[in-house]
J.: 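Please read through the structure below; I'll follow up with questions.
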Amino acid sequence: MTGLCITQFRAGIVAPALDMIGLGGDAAVSLMVGTALAESGLTDIRQVTGGGMGPALGLWQMEPFTHDDIWATFLSDSRLNSLARAVLSSRSNWPPGARQVVGNAFYACIMARLKYYRAPDALPAARDAAAMCRMWKRVYNSNLGAGVADDTHIALFQQAIGA
């Protein structure tokens, strides 16, 4: 199966999306590209499970609950009004809510970055694929997720760094 060109994805979607909200930089961009590779392989826009389709959406495989929780418990904080306005400017009017992450890669990237941003962990060093992979598992995929911080996944983050 083939997916998007990682270099174009990094330069054309991830970097500009993160710059727009002021949360970019090499480490953040590599983390987001690696996360998309680990979550969807840059191929699936709906979660595929052994039993059919799962709830996760978009290239970053964000679940609707996570999307809605970011808006309800994080971006609703008045201290983050300027960030919330920037995030809103990346959205369109349709489709509503979490379904926006399926077809709007800029918005999906921003929402995935916010999942990391709201965690207390500092970003790993820009070239540390193993630390990025561990952060992905701990913060994004969680202990409930099927992903593992193994050599296969570390290689995906190394690929993201090299793109």
Side-chain angles (χ1 to χ4, degrees), residues 1-21 23-68 70 87 89-92 94-117 119 121 123-163:
M1 187 180 288
T2 62
L4 297 172
C5 170
I6 298 169
T7 304
Q8 290 181 27
F9 179 69
R10 180 184 175 97
I13 294 173
V14 177
L18 299 185
D19 285 346
M20 190 191 84
I21 61 167
L23 295 175
D26 285 341
V29 171
S30 293
L31 179 64
M32 297 315 304
V33 172
T35 298
L37 286 167
E39 291 289 330
S40 72
L42 293 180
T43 61
D44 295 315
I45 58 171
R46 287 288 312 270
Q47 182 182 27
V48 179
T49 68
M53 300 300 247
L57 303 170
L59 294 172
W60 285 270
Q61 298 290 284
M62 180 170 280
E63 294 188 8
F65 173 83
T66 302
H67 172 276
D68 296 348
I70 290 169
V87 176
S89 73
S90 73
R91 262 180 28 177
S92 67
W94 184 89
R99 290 187 302 158
Q100 185 89 192
V101 301
V102 173
N104 184 340
F106 294 107
Y107 179 68
C109 179
I110 288 168
M111 293 303 290
R113 176 66 178 96
L114 292 178
K115 171 94 170 129
Y116 286 109
Y117 183 64
D121 308 54
L123 285 179
R127 305 203 57 79
D128 191 341
M132 286 183 192
C133 186
R134 289 190 303 271
M135 184 177 199
W136 158 73
K137 177 57 187 166
R138 185 177 58 259
V139 174
Y140 199 88
N141 189 262
S142 84
N143 62 343
L144 301 175
V148 289
D150 60 5
D151 288 345
T152 301
H153 285 90
I154 292 170
L156 295 174
F157 285 88
Q158 191 61 55
Q159 204 177 353
I161 290 167

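Keep in mind that what you see is a predicted model, and the values were worked out from it rather than measured. Atoms considered below: every heavy atom in the structure, side chains included; atoms not considered: hydrogens, waters and symmetry mates.
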J.: List the atom of Ala160, the atom of Gly34, and the distance in Å for their closest heavy-atom pair.
T.: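 Of all heavy-atom pairs spanning Ala160 and Gly34, the closest is CB-N, 3.3 Å.
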J.: Kindly indicate whether the side chain of Leu59, heavy atoms from C-beta on, has any atom under 4.5 Å from the side chain of Leu4.
T.: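 Yes, close enough: below the 4.5 Å cut-off.
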J.: State whether the number of non-hydrogen atoms from other residues, nucleotides or ligands found under 6.0 Å of Tyr117 atom OH is greater than 12.
T.: no
J.: Starting at CZ of Arg10, measure out to CG of Leu18 and round the result to the nearest 0.5 Å.
T.: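 One gets 10.0 Å once the value is rounded to the nearest 0.5 Å.
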J.: Go through Trp60 and Val101 one step at a time and tell me if the side chain to side chain contact (heavy atoms under 4.5 Å, CB included) criterion holds.
T.: CA-CA 8 Å; Trp60 285 270; Val101 301; over 6 Å; no
J.: Looking only at heavy atoms, which two atoms of Pro124 and Asp128 are closest? And how far apart?
T.: CB-O, 4.5 Å
J.: With heavy-atom distances below 4.5 Å as the criterion, would you say the side chains of Ser40 and Ile45 are in contact?
T.: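 Of all side-chain heavy-atom pairs linking Ile45 with Ser40, none is under 4.5 Å.
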J.: Tell me if the CG atom of Asp150 is crowded by more than 12 foreign heavy atoms within 6.0 Å.
T.: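 Counting neighbours around CG of Asp150, more than 12 heavy atoms of other residues, nucleotides or ligands fall under 6.0 Å, so yes.
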J.: State, yes or no, whether a side-chain contact exists between Leu114 and Met111 at a heavy-atom distance under 4.5 Å.
T.: yes
J.: For the residue pair Ala28 and Arg113, what are the closest heavy atoms and their distance?
T.: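 The pair with the smallest heavy-atom distance is CB-NE, 3.6 Å.
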J.: Rounded to the nearest 0.5 Å, what separation is found between the CG atom of Leu123 and the CG atom of Leu31?
T.: 6.0 Å
J.: Give me the atom names and distance for the closest heavy-atom approach of Val148 to Cys133.
T.: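 In terms of heavy atoms, the two residues are closest at O-SG, 4.5 Å.
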J.: Do Met62 and Ile70 have side-chain heavy atoms sitting under 4.5 Å apart?
T.: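 Yes. Closest side-chain heavy atoms under 4.5 Å.
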J.: Would Asn141 and Glu39 satisfy side chain to side chain contact (heavy atoms under 4.5 Å, CB included), going step by step from the backbone distance to the final call?
T.: CA-CA 8 Å; Asn141 189 262; Glu39 291 289 330; 3.4 Å; yes
J.: Output all residues satisfying ring-ring contact (aromatic ring centres under 6.0 Å, His included) with Tyr116, sequence neighbours left out; order by chain, then residue number.
T.: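 With sequence neighbours excluded, Tyr116 shows a ring-ring contact (aromatic ring centres under 6.0 Å, His included) to Tyr140, given in chain and number order.
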J.: So, for Pro55 and Pro64, which heavy atoms are closest and what is the spacing to 0.1 Å?
T.: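 In terms of heavy atoms, the two residues are closest at O-CD, 3.2 Å.
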J.: Counting distance only, does the side-chain N/O of Gln47 pair as donor-acceptor with the main-chain N or O of Gln61 below 3.5 Å?
T.: no
J.: If every non-hydrogen atom of Gly147 is compared with every non-hydrogen atom of Trp136, which pair is closest and at what distance?
T.: CA-CH2, 3.6 Å
J.: Mind checking whether Glu63 and Leu57 have side chains closer than 4.5 Å, heavy atoms only?
T.: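 They are not in side-chain contact.
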J.: Any side-chain heavy-atom pair from Ser30 and Phe157 closer than 4.5 angstrom?
T.: no
J.: Can you tell me how far apart CD1 (Ile161) and CD1 (Ile6) are? Round to the nearest 0.5 Å.
T.: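 CD1 of Ile6 is found 12.0 Å from CD1 of Ile161.
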J.: Should Arg127 and Asp26 count as side-chain neighbours, where that means a heavy-atom distance under 4.5 Å?
T.: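 Answer no - side chains too far apart.
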J.: First locate atom CE of Met32, then atom CG of Leu23, and finally report the distance between them rounded to the nearest 0.5 Å.
T.: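 So the CE of Met32 and the CG of Leu23 are separated by 10.5 Å.
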J.: For the SG atom of Cys109 and the CE atom of Met20, what is their distance to the nearest 0.5 Å?
T.: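 Interatomic distance, Cys109 SG to Met20 CE, rounded to 0.5 Å: 10.0 Å.
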J.: Could you state the interatomic distance from CD (Gln159) to CG (Leu37), rounded to the nearest 0.5 Å?
T.: 5.5 Å
J.: Check whether any side-chain heavy atom of His67 sits under 4.5 Å from a side-chain heavy atom of Tyr107, and report yes or no.
T.: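 Result yes, sub-4.5 Å side-chain heavy-atom pair found.
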